[in-house]
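Shown next, in structure tokens, is the structure this report addresses.
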Number of protein chains: 2
Amino acid sequence: MKLSTKGRYGLKAMFDLSLHNGDGPISLKSIAERQKISDHYLEQLIASLRKAGLVKSVRGAQGGYMLADAPSKITVGDIIRILEGPLGLSDCVLEGDPADCDNANYCVTRVVWKKIQTSISEVVDSITLQDMLDDYEKIGNNKENMYYI
Amino acid sequence: MKLSTKGRYGLKAMFDLSLHNGDGPISLKSIAERQKISDHYLEQLIASLRKAGLVKSVRGAQGGYMLADAPSKITVGDIIRILEGPLGLSDCVLEGDPADCDNANYCVTRVVWKKIQTSISEVVDSITLQDMLDDYEKIGNNKENMYYI
DNA sequence: TCGAATTCCAATCATTTTACTTGGAATTAA
DNA sequence: TTAATTCCAAGTAAAATGATTGGAATTCGA
């Protein structure tokens with residue numbers, strides 16, 4: 001029941017962008033280096049985030065990526081859903097387009113998956129990148145003296 | 001972020017055993033038929049559950065499996081942890097034996113995974129097989145007229 | 001104007017995991 | 001004694017994962 005690297009790397013990358021929010025475009029290469037991720041792999045992840053409208057890109061030299069919105073407007077749920085697909089531990093409770101099941105109305109295991117899914121959604125939708133920035137400072141980091149992520 | 005069939009089939013099988021609790025040993029074949037699971041595959045899952053002490057077995061003809069404890073004593077969390085391994089969306093927050101990470105103390109993405117994990121644990125540890133039996137009746141099923149699971 | 005830095009795009013690939021299947025030995029009720 | 005069952009160990013095809021490879025398009029700065 002683990003998240004793939006997509007979700008994990010993706011959140012790290014988005015948090016990295018949050019830390020540099022307002023500094024102009026941040027190159028993918030620098031993110032990949034700080035986060036110790038293969039840059040070509042991260043490229044694929046950030047392409048999804050861009051197509052979904054969570055980040056903006058600037059092409060060419062000195063180009064890079066920026067958050068498309070304020071850190072307070074982007075939730076962990078937004079990011080995970082783009083990279084991992086709709087939440088739900090079972091196809092029959094997938095957000096948006098749950099798989100058909102003959103006896104969904106009478107299925108009690110489905111009730112369980114639904115409860116778990118609701119709980120996960122509530123958590124991820126309640127955490128914004130701004131919350132993470134706040135936590136980051138509480139933990140004892142700061143922008144000038146980054147322990148990194 | 002989906003559960004594998006292990007967890008999903010396993011919970012169905014355990015709920016099936018709950019429905020037949022007190023009826024003596026239930027053959028794996030009959031469980032597999034009702035739940036539409038490959039019986040040889042289910043055998044592997046139930047072997048794990050048996051080794052973990054969640055079910056008891058009776059060998060030989062008319063043998064089968066039974067819950068090792070009352071439905072009110074077995075939680076969804078017990079079952080999922082056996083079949084899917086320790087809970088945790090990232091290795092660095094795995095229950096029991098989290099993977100080492102240099103900067104775990106300063107890692108704010110880790111804080112996020114931890115919150116999600118705590119939330120999932122609370123849900124799965126709060127639901128017993130007895131709760132599922134109760135839900136099952138509320139939904140409109142009963143033992144004599146089973147719509148099945 | 002040119003070249004370096006960058007994003008963008010498409011394909012390929014090795015490894016691991018998943019979801020089984022196969023085959024048979026051991027046990028026991030009838 | 002035989003049929004029904006649990007128990008055990010391997011093998012396997014398909015999918016997913018986590019990349020790598022190669023190169024085209026764009027743009028800043030010298």
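Please read all numbers here as calculations on a predicted model, not as lab measurements. Numbered from 1 within each chain, the chains take letters A, B, ... in sequence-line order.
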Taking atom P of C:dT6 as reference, at what distance in whole Å does atom CD1 of A:Ile46 sit? 14 Å

Options D:dA10, C:dC9, C:dT7, nucleotide nearest the side-chain atoms of A:Leu28: C:dT7

Output the rounded distance in Å from NZ (A:Lys6) to C1' (D:dA16). 8 Å

Measure the NE2-CG distance between A:His20 and A:Leu17 for me, rounded to the nearest 0.5 Å. 8.5 Å

Counting just side-chain N and O atoms, does A:Tyr9 come under 4.0 Å of either OP1 or OP2 of D:dT17? no

Determine whether any donor atom in the side chain of B:Glu43 lies under 3.5 Å from an acceptor atom in the base of C:dT21, or the reverse, and answer yes or no. no

When you measure from the side-chain N and O atoms of A:Ser38 to the phosphate of D:dT20, is any distance below 4.0 Å, counting only OP1 and OP2? yes

In whole angstrom, give the distance that lies between atom NZ of A:Lys2 and atom P of D:dA16. 18 Å

Nearest heavy-atom neighbours spanning B:Ser119 and A:Ile120: OG-N, 4.3 Å

Under 3.5 Å: donor-acceptor pair, side chain of A:Gln117, backbone of A:Val93: yes

Among the nucleotides D:dT6, D:dA19, C:dT7, which one has an atom lying closest to any side-chain atom of A:Tyr65? C:dT7

Starting at atom CE of A:Met66, determine the distance to atom C1' of C:dT7, rounded to an integer number of angstrom. 12 Å

Taking atom types as modelled, find out whether B:Thr5 and B:Tyr41 have a side-chain donor-acceptor pair closer than 3.5 angstrom. yes

From C:dT7, D:dT20, D:dG18, pick the nucleotide closest to the side chain of A:Ser4? D:dG18

If you apply the rule side chain to side chain donor-acceptor pair (under 3.5 Å), what do you find for B:Asp131 with B:Thr128, and how did you get there? CA-CA 5 Å; B:Asp131 294 328; B:Thr128 68; 3.2 Å; yes

Atom CG of B:Leu3 and atom C1' of C:dT17 are separated, to the nearest Å, by 15 Å

Working to the nearest 0.5 angstrom, can you tell me the gap between B:Leu49 CG and B:Leu42 CG? 8.5 Å

With a 3.5 Å cut-off and no angle check, do the side chains of B:Thr75 and B:Asp78 form a donor-acceptor pair? yes

Indicate whether the side chain of B:Gln62 and that of B:Ser27 have a donor and an acceptor atom separated by less than 3.5 Å. no

Just how far, in rounded Å, is P of D:dA19 from CG of A:Leu42? 11 Å

Rounded distance in Å - CD1 (B:Ile37) to C1' (C:dA19): 12 Å

B:His40 side chain: which of D:dT6, C:dA19, C:dG23 is closest? C:dG23

Using a 4.0 Å cut-off on heavy atoms, which residues in residues 53-63 of chain B reach DNA chain D? List them by number, or say none. B:Ser57, B:Val58, B:Arg59, B:Gly60, B:Ala61, B:Gly63

note: B:Ile26, atom CD1; D:dA4, atom P; distance rounded to Å ~ 17 Å

Let me spell it out: for each of B:Glu84 and B:Asp39, pick the nucleotide of DNA chain C with the closest heavy atom. Which residue's pick is nearer the 5' end? B:Glu84

Check whether any side-chain nitrogen or oxygen of A:Thr5 sits under 4.0 Å from OP1 or OP2 of D:dT17, and answer yes or no. no

Do the side-chain N or O atoms of B:Arg50 get closer than 4.0 angstrom to the phosphate oxygens (OP1, OP2) of D:dC7? yes

